[in-house]
Amino acid sequence: MLLDLSEEHKEHLAFLPQVDSAVVAEFGRIAVEFLRRGSNPKVYEGAARKLSVSSDTVQHGVEGLIYLLTESSKLMISELDFQDSVFVLGFSEELNKLLLQLYLDNRKEIRTILSELAPDLPSYHNLEWRLDVQLASRSLRQQIKPAVTIKLHLNQNGDHNTKVLQTDPATLLHLVQQLEQALEEMKTNHCRRVVRNIKILKSSFSWC
Amino acid sequence: MELSEYVQKGFQMLADPGSFDSNAFTLLLRAAFQSLLDAQADEAVLDHPDLKHIDPVVLKHCHAAAATYILEAGKHRVDKSTLSSYLEDCKFDRERIDLFCTEYQNNKNSLEILLGSISRSLPHITDVSWRLEYQIKTNQLHKMYRPAYLVTLNVENTDSGSYPEISFSCNMEQLQDLVGKLKDAEENQERHRGLWELAVLARARRRTLPFESVTHRF
């Protein structure tokens, strides 16, 4: 599958062959850093001064690179497809090689970053438990009431959240049984068949 | 067990055969238990023809006093001898003391269940549901191809009467981790169950009233 680069995008990337490969490599490093931590306009100004161009030009170059990397990573295009997509830009072979290497080196990390953009539910992080026995309360003395106290750690959008909950021994057993069934489900013929068939579909259609 | 003057006065009136004959006493006593334990009970519990001759103010006073005493006795899990001696101090005759003790004994379990259910507690997990999905793509990321679970815990919040749900996603490894930890807790709980049961039996032997079933407490 080839990338479809717009005219504007091609124009922005046209800056890259005008600087030497060390600079392009540096832009690549900046692009990935911006993907990790967000952009920092001061960096553009610094680079613009050193290269004697406007900071807009630098910004477009870096952003063009970012878009190239994220689109390629998102679609998980093959090496060959990446090379063919970049070929239309008319860059030197050395530059093409550099861009390909940049893509291959960073795509796993970029995909991880992109996966964090998905509609997000809190995700499981950790669980702590404690066994308690209630001995008395204001309304009733001399009790012996076992309970399990649970601290559930969840992550959402980078925020760490904890919930403290309680349950009784019977419900705990029920929870374990239900969730074990959930795990077993992935091993059933039905699920294996679906996964296998999707993989087959995936290799025969590139849109998948 | 400290009871207010109001309660003590009400009780003393209840002991007086001049204010309450045997029949009226029995009715009022049963009405007190009923008000506490029957969810559907209302003020009509005192509307009995055999109680009509008694001044309604006195009736309400004694009903409140009896109910208060019953709750205090239940809270402290008093035994028969403590019950009897307090009633003797209030000048109840033997017959009324025996009746009170019998009624108390009949209703003791329900009373303790009721009192045990009144408490501040953490949100309580009541059930779990799960969903298994196979993720193919999002608009940000194509070709994902991975299984994912969505787990929802049904939670009951007795304090606020609300039933919030806690949902979270996890992959296979995370769910295995979660199940592993819950199983750990469950195994430890089983291992210590012998201890709680021993403790319950030990408590039972100290009591003089016959002790019925133990397991309902759990």
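Atoms considered below: every heavy atom in the structure, side chains included; atoms not considered: hydrogens, waters and symmetry mates. Proteins get letters first, then strands, A, B, ... in listed order; numbering begins at 1 in each.
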Under 3.5 Å: donor-acceptor pair, side chain of [X], backbone of [Y]:
X	Y	value
A/Thr171	B/Thr126	no
A/Arg111	B/Leu141	no
B/Arg120	A/Ser137	no
B/Trp130	A/Gln178	yes
B/Lys75	A/Arg141	no

Could you tell me the separation between the [atom1] atom of [X] and the [atom2] atom of [Y], rounded to the nearest 0.5 Å?
X	Y	atom1	atom2	answer
A/Gln177	B/Glu186	CD	CD	8.0 Å
A/Asp168	B/Gln189	CG	CD	9.0 Å
B/Gln140	A/Ser115	CD	OG	10.5 Å
A/Ile150	B/Leu122	CD1	CG	10.5 Å
A/Leu131	B/Arg193	CG	CZ	13.0 Å
A/Leu127	B/Leu178	CG	CG	5.5 Å

Can you tell me which of [options] forms the most heavy-atom pairs within a distance under 4.5 Å of chain B?
options	value
A/His174, A/Met76, A/Glu71, A/Gln166	A/Gln166
A/Val148, A/Val195, A/Leu154	A/Val195
A/Ala136, A/Ser73, A/Ser139	A/Ser139
A/Gln156, A/Glu128, A/Met186	A/Met186
A/Leu172, A/Leu183, A/Val194, A/Leu179	A/Leu183

Heavy-atom neighbours of B/Asp47 CG exceed 12 at 6.0 Å: yes

Given side chains that start at C-beta, do those of [X] and [Y] come closer than 4.5 Å, heavy atoms only?
X	Y	answer
A/Leu75	B/Lys143	no
A/Lys74	B/Lys137	no
B/His124	A/Leu165	no
A/Leu140	B/Arg77	yes

Where does [X] contact chain A at under 4.5 Å (heavy atoms): side chain, backbone, both or neither?
X	result
B/Val155	side chain
B/Ile166	side chain
B/Gln135	neither
B/Asn157	neither
B/Leu114	neither
B/Leu132	side chain
B/Asp184	both
B/Leu71	neither

Check the side chains of B/Lys181 and A/Asn126 for a donor-acceptor pair under 3.5 angstrom, ignoring hydrogens and angles. yes

Side chains of B/Asp177 and A/Tyr124: any donor to acceptor distance under 3.5 Å? yes

Does this structure show an ion pair linking A/Glu180 with B/Lys183, if we count only N-O contacts that are shorter than 4.0 Å? yes

List the steps and the verdict of side-chain contact (heavy atoms from CB on, under 4.5 Å) for A/Trp129 and B/Leu182. CA-CA 8 Å; A/Trp129 56 265; B/Leu182 288 177; over 6 Å; no

A/Val164 versus chain B, the contacting section by heavy-atom distance below 4.5 Å: both

Out of B/His76, B/Glu72, B/Arg131, return the one with the most heavy atom pairs under 4.5 angstrom to chain A. B/His76

Heavy-atom closest pair, residues A/Pro122 and B/Ser167: CG-O, 3.6 Å

So A/Leu173 and B/Glu190, side-chain contact (heavy atoms from CB on, under 4.5 Å) or not? Walk me through it. CA-CA 10 Å; A/Leu173 185 60; B/Glu190 258 311 300; over 6 Å; no

Please identify which of these residues, A/Leu121, A/Leu152, A/Asn161, meets the side-chain contact (heavy atoms from CB on, under 4.5 Å) condition with B/Phe168. A/Leu152

